[in-house]
Each structure stands twice: as C-alpha cells, then as structure tokens.
Amino acid sequence: MCMVVTRFAPSPTGHLHIGGLRTALFNYLYARGSGGKFYLRIEDTDLARNSQEATEAILQAFEWVGLDFDGEILYQSQRLKLYQNYIQQLLEASKAYYCYMSKEELEALRESQRAQGQTPRYDRRYRDFTGTPPRGVSPVVRLKAPLQGEIAFTDGVKGVVVVQARELDDFIIARADGTPTYNFVVSIDDALMGISDIIRGDDHLSNTPKQILIYQALGFKLPNFYHVPMILNEQGRKLSKRDGAMGVMDYKALGYLKEALLNFLARLGWSYGDQEIFTLAELLKLFDAKDLNSAPSCFSPHKLDWLNTHYLKATSNAQLEILLRDFDLPPAFDHLNAPQKDMLLSALKERCTTLKSLSVGMHEVLSPPASYDSIKNPQAKALLEDFMRALKETSLDNLENTQTLLHAFLESHALKPGAFMPALRVALLGKKGGIDLKQALFVLGDQALERLQTFLARA
Ligand code: GLU
C-alpha cells in the first residue's frame, strides 16, 4: 500500500472550532497511525476574510491538543505565482480559455435563462473564441469542462458519487485580477503535496467534481475522498454556539482535558465496535478512514462531561496540579504540604467534571467561608466548642488521627454522625455539601481550628 499522506487545510477566518478539529484529528490519525505524513496548509488567499490572529488561534489549538504536523506550514498566499503558472499551462494547452464576458452581460444572460425557466449558467460563448477580444475587459480564465458524460468517483463515506457533466459549466479558475479561485488552488496544492487521502466535511462535496476536473486537466493522480457528515446537536439541527460550536480553546478554558476532547471528537463520525474510551495511542492504532460513518453524528455535552470525568480521574495529581495552574486557585493551595495537596486533589477529582469545577471545589475547601448555611441543631454551638477542645489536642497530620478524632468525639458524646457532622461541616466549610469531612479536616490542618474559632465567634 502507498504511504498515506493527509492534510488539514483551514481557512483562517476565526477560531478553530470543534468541527474543524475533528477533521484535523481524522486526517492526523489516518496518516500517523499508518506511518504516513500529515501536513498543515493555511488557505489564506481571501485576504479580506483571513487574519494572522486566526492562523495563530489555529496553531494554538493544535499545540494544546498536541496535534503535530510534518514539515513546514504551507501558506497559500505565498504560492500565487505557482498557481498562475499552472493557469498559464492550461491556457497554452487549450484546456482553459479567457472569457471576456462582463459582469453585466453575465447577469443579463442569467436573467434571461431564469425567465425561460432554465438554470442560470454561463453559455460557454468564449470557449472556442478566435476573434478579437472586446477592448477594456479584463478577462477571467475558465476551465474547459467536458460537455457530456459524467464525473464519477467513489467517496470513502458517501459511496459512488456521480455528477452529470451538463450540470457543471466552464467554471472560473482565475479571476479578472489574475488571482486563482478556491477550487483551483486546493487542487494544485493537494496534488503537489502528494495528498493521498482527503477527509473533510461534506459541505465540500459539491466542490469535488470541479476539483477532479482540474486534476484531470493537469494529469494529476486523484486522491481518495472521504466527506464526513456535519456534527448535529441533540435535536438533529446544525450545531450552534449554544450547543457547543465554540472555539477549541474555549473548551480548554472551561476545564476540559485534551484527552477527553480528542476522544469525544474521534467518536463523532467514527466508531470501533461499541468502545467509547480511546487513548490517543489506541486511536492511532485503530483508526481507519474506511470506518468513518455516513450518518450524521450528534454532539452530546453529557458525553463530553462523562469522558472528561473519566480522564480527570485518570490524571495523576502531579499532572493535575500543573493543569490547574491555568485556573483560579486559592492562595492557600500553595501552603499545603504534599500529603494535603494529594488528599485534596484525590478527593476532588472523584467528584468533579472539569478542571474549572475542580478549582471551584478547591475554593470551597481552602478559601475561608464567606457565608454559612443555617444550622438547625440547638446543641451545635456547645458541641462545636467541645470539639474544638478535642481538636487542640490532636494532630491532624494523618488521615487516621483525623478519623479517630471524629469517631472518639461521636462516641464520647453518644452522637450519631447526623447529629453533629452537618454542623461541623458548616462551621468549617460554610456549606452542607462537599468532600468527605475527615478528608477536609486533614487538608485544613491547623486551619480547622481557626475556622471553628471564627465560626463560634460570630454565632
Ligand atoms: N479551507 C477549507 C475550509 O476551511 C477546507 C478545504 C478542504 O479541506 O479541501 O473549510
């Protein structure tokens, strides 16, 4: 089998959104999984819509998720001369021609076709033109598309796609100002970069027959195409901002792990039996473009959360600590000793969905309560004062001591946990919910006493 060579070819018009990252991921997995090449090409010929910031945003997202590419980034804006050479070559071979029809003439033609109930289409009037060109018109260049027959190809996702030649006109490959058009540059680049397999969104399916004609006119070998269906929301509609059509980096800011996001995206349009959890190494091993699904995939925020919970649990505390540096951490975190940090991270990662909620959970334990839930227990104050005395005599430097302290206290006062623990929790943490109390006590260490004093002083 020939080497698989793929590419991701974004137009830098804004953030890299998750649909784009999914396309990039499929191409990456397919190439890298088989020892092939994966290239990045920035399609930045539309100077009015493209920006350097958008290119940087794409690169930043790639860096975050760890998708690396081979060689240098290819920028289409730096290749205009090369595209023009190919246009010249087609003109010289009579496979393309200058068309001098003005915009007004073209519009008038379309108008009359519409009036006759026909599909508006260029009538090829300059295809075999040998006369003197009209003065003052900068011509466009059009490709001589076949007049009959069909353009057929087998798409790896859609199956056999057939387009009748009569449905295509002699489309423009260079505008009046000499700049090449979108389908032209894509085809030239894919061919020159030696791309063997193109995986992209099915919004590009209608471009493919035109690109095939360009390949054929220049004698280039056709790549394999795979047009993947769009990602839909749970209601079956096009993904909108509200559903999560956000920039990739927004997911980072929300506290999703790259492992979870990549796993999630890999399963949007690709499957391997009913397996849901895949490490990147597994994806590289198992992904095959022939397993891409032809049915639209559905973006489920719950599934992303579920995966993130899974990957959070699997992340070491040392790694979590590094990742959490991008979030708002309570200053007290840095004053904890290693076992306290470990305890807090272990306790929180069991119950949090994102790094962001983990950082919130840290504040709940480590930032002194700003307010207190109400306590209905009339004995609470006296019990808490007693507990404070017991606490003064105990060192909270291991979890066992902490547990013994709690048990001994309950026993000596003949209390059921429910008769005291909620009050203790509110006094220490301000709220009734949260991590296990003995773990919280251990993490608070000396702070526990201060918290109790503060609480009792105000009660
Ligand atoms: N630049 C196109 C886009 O961002 C992709 C072109 C392609 O993959 O062929 O949608």
Side-chain angles (χ1 to χ4, degrees), residues 4-31 36-62 67 69-70 73-80 83 86 151 153 155-158 161 163 171 173 179-215 218 220-231 238-239 245-248 265 268-270 289 292:
V4 174
V5 182
T6 66
R7 50 54 165 194
F8 178 53
S11 307
T13 51
H15 301 294
L16 178 61
H17 53 82
I18 54 149
L21 181 59
R22 179 187 68 154
T23 303
L25 177 65
F26 286 163
N27 282 288
Y28 171 89
L29 293 174
Y30 195 37
K37 299 270 182 218
F38 171 64
Y39 294 117
L40 179 61
R41 179 171 83 222
I42 303 291
E43 307 214 309
D44 57 350
T45 51
D46 186 348
L47 298 174
R49 293 180 64 228
N50 300 154
S51 73
Q52 184 57 29
E53 293 86 76
T55 300
E56 271 151 27
I58 293 165
L59 295 178
Q60 192 189 27
F62 258 54
L67 290 193
F69 43 86
D70 289 291
I73 303 174
L74 191 139
Y75 291 90
Q76 287 187 327
S77 58
Q78 295 169 0
R79 292 162 64 88
L80 289 179
Y83 304 133
Y86 278 99
I151 299 110
F153 65 100
D155 186 275
V157 177
K158 307 276 176 194
V161 178
V163 175
F171 57 91
I173 55 174
T179 56
T181 54
Y182 171 75
N183 282 313
F184 191 74
V185 299
V186 169
S187 312
I188 299 294
D189 284 339
D190 283 334
L192 297 187
M193 291 164 79
I195 304 300
S196 64
D197 295 85
I198 295 177
I199 305 173
R200 61 188 171 197
D202 65 5
D203 49 334
H204 287 285
L205 186 62
S206 62
N207 288 326
T208 307
K210 292 184 184 173
Q211 294 176 8
I212 288 177
L213 291 181
I214 296 165
Y215 271 80
L218 285 163
F220 291 142
K221 184 170 179 289
L222 283 184
N224 301 315
F225 293 99
Y226 307 84
H227 288 92
V228 290
M230 301 274 100
I231 304 172
K238 205 173 157 242
L239 212 56
M246 296 185 296
V248 169
L265 292 178
L268 288 180
W270 172 81
L292 287 167

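This structure is a prediction, so every number in the text was calculated from the model and none was measured. Counting convention: from 1, in listed order, for ligands and their atoms alike.
In this structure, F26 and D197 have side chains that are not in contact, with every pair of non-hydrogen atoms separated by 4.5 Å or more.
Contact record, L265 with R22: O-CG, 3.7 Å, taken as the closest heavy-atom pair.
Under the 3.5 Å distance criterion, the side-chain polar atoms of N183 are left unmatched by any main-chain donor or acceptor of Q211. A donor-acceptor pair is defined here as one N or O able to donate and one able to accept, closer than 3.5 Å; such a pair exists between the side chain of D155 and the backbone of H227.
For ligand 1, residues of the protein lying within 4.0 angstrom by heavy-atom distance are R7, A9, P10, S11, E43, Y182, V186, R200, H204.
Ring pair F38/F62 is parallel by interplanar angle, where below 30° counts as parallel and above 60° as perpendicular.
Of the residues listed (I199, V5, L292), the one engaging Y30 in a side-chain contact (heavy atoms from CB on, under 4.5 Å) is I199, and it is the only one.
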